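First comes the structure, then the notes that go with it.
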Amino acid sequence: MGINRADQSLVIDAPPDACFDAIVDFETYPEWQDAVISVEVLDRYDDGLGRQVQLRVDAKFREVVYTLHYHHERPERLSWDFVEGNGVEDIDGEYLFEPLDGGRRTRATYTLGVDPGVPVPGFIFRRLNDGVMRRSIRDTKAEVERRTRT
């Protein structure tokens, strides 16, 4: 079937470091990422950041479980590669955090590529993927801004 990619961007009222810190706090995802049911960090880098992470996600058309290998470039980029999973054939993507207003705000861009592994009409897949991505980046914005207010 192949990977279908899309991206979403929005502005977060916090510096890139705060955005990066929230997005690499994998264990807390079920608390603030609406689609994430559970997370397990399977392996860590020497600095403590997650290297391989297993996620269970409500992808709207089915629940999927997959493991991703993460690459960190603090504070501007978090990317990932697919390791294995049930319910999808392949996933890749990244978060980019671009400083705005002298670093007081951030343009966050979420890019996601997914191969669901089963035939899904293109327009339905794009609508589902777009909805999941929009929800995820909005959840990220809300969590980062919540963390920086306290």
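These numbers come from a predicted model, not from an experiment.
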* Show your working on salt bridge (charged side-chain N to carboxylate O under 4.0 Å, His left out) between Arg74 and Asp21 and close with a plain yes or no. => CA-CA 9 Å; Arg74 180 181 288 277; Asp21 288 344; 2.6 Å; yes
* To do: Before giving the answer on side-chain contact (heavy atoms from CB on, under 4.5 Å), spell out for Val11 and Thr106 the whole-Å C-alpha distance, their side-chain angles and the decisive distance to 0.1 Å.
  => CA-CA 6 Å; Val11 174; Thr106 303; over 6 Å; no
* For side-chain contact (heavy atoms from CB on, under 4.5 Å), just list the numbers for Lys141 and Asp139, CA-CA rounded to whole Å, side-chain angles, deciding distance to a tenth of an Å, and then say yes or no. => CA-CA 5 Å; Lys141 174 182 172 67; Asp139 289 348; over 6 Å; no
* Hey, mind stepping through Asp90 and Val114 against side-chain contact (heavy atoms from CB on, under 4.5 Å) and telling me if it holds? -> CA-CA 6 Å; Asp90 199 0; Val114 177; over 6 Å; no
* Could you check Val88 against Val64 for side-chain contact (heavy atoms from CB on, under 4.5 Å), going step by step and ending with a plain yes or no? => CA-CA 7 Å; Val88 291; Val64 296; 4.0 Å; yes
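Using a cut-off of 4.0 Å between Lys/Arg side-chain N and Asp/Glu carboxylate O, Asp25 and Arg147 are scored as salt-bridged.
Side-chain contact, Thr109 with Arg77: no donor N or O sits under 3.5 Å from an acceptor N or O. Gln33 and Ser136 form a side-chain donor-acceptor contact under 3.5 Å, judged by distance and modelled atom types alone.
Under the 4.5 Å side-chain contact rule for hydrophobic residues, Tyr110 and Ile12 share a cluster. One hydrophobic cluster, built from ILVMFWY side chains closer than 4.5 Å, holds both Leu112 and Ile137. Placement of Val36 and Leu78 within a single hydrophobic cluster is found when ILVMFWY residues are connected by side-chain heavy-atom separations under 4.5 Å, directly or transitively. In the hydrophobic clustering of this structure, Val65 does not group with Phe26; members are Ile, Leu, Val, Met, Phe, Trp, Tyr whose side-chain heavy atoms approach within less than 4.5 Å, directly or through other members.
The aromatic rings of Trp80 and Tyr95 sit tilted relative to each other, their planes meeting at an angle between 30° and 60°. Relative ring orientation between His72 and Tyr45 is described as perpendicular, the plane-to-plane angle rising above 60° on a 0-90° scale split at 30° and 60°. In this structure, Trp32 and Tyr29 have perpendicular ring planes: the angle between them is above 60°, well past the 30° mark.
Inter-residue side-chain proximity for Leu68 and Asp81 is flagged as unmet; no heavy-atom pair is nearer than 4.5 Å. Put simply, the side chain of Val53 does not reach to within 4.5 Å of the side chain of Thr67, judged on heavy atoms. The shortest distance between side-chain heavy atoms of Pro30 and Val39 falls below 4.5 Å. Between His71 and His69 the shortest side-chain heavy-atom distance falls below 4.5 Å. Side-chain contact check for Phe97 versus Pro75: every heavy-atom pair is 4.5 Å or farther apart.
Nearest heavy-atom pair, Ala18 versus Thr148, reported as atom, atom and distance to 0.1 Å: CB-CG2, 3.6 Å. Counting all heavy atoms, side chain and backbone alike, Pro16 lies closest to Gly103 at CD-O, 3.8 Å. Among all heavy-atom pairs drawn from Ala14 and Cys19, the shortest one is O-SG, 4.3 Å. Smallest separation of non-hydrogen atoms from Gly50 and Val41: CA-CG1, 4.0 Å.
With Glu145 contributing its side chain and Asp13 its backbone, the two residues share a donor-acceptor pair below 3.5 Å.
Rounded to the nearest 0.5 Å, atoms CD (Glu27) and OG (Ser38) are 12.0 Å apart. Of the inter-residue distances, the one linking Glu63 atom CD with Asn86 atom CG reads 10.5 Å to the nearest 0.5 angstrom. Summarising the geometry, atom CZ belonging to Phe20 is positioned 5.5 Å from atom CG belonging to Leu49; distances are rounded to the nearest 0.5 Å. Atom-to-atom distance recorded for Arg44:CZ and Arg51:CZ is 11.0 Å, nearest 0.5 angstrom. Between atom CZ of residue Arg105 and atom CD of residue Glu98 there is a gap of 11.5 Å, rounded to the nearest 0.5 Å. Separating the CD atom in Glu94 from the CD atom in Glu76 is a distance of 11.0 Å, to the nearest 0.5 Å.
Listed by chain and residue number, Leu10, Arg134 satisfy the side-chain contact (heavy atoms from CB on, under 4.5 Å) test with Arg138 (two or more places apart in sequence, or in another chain).
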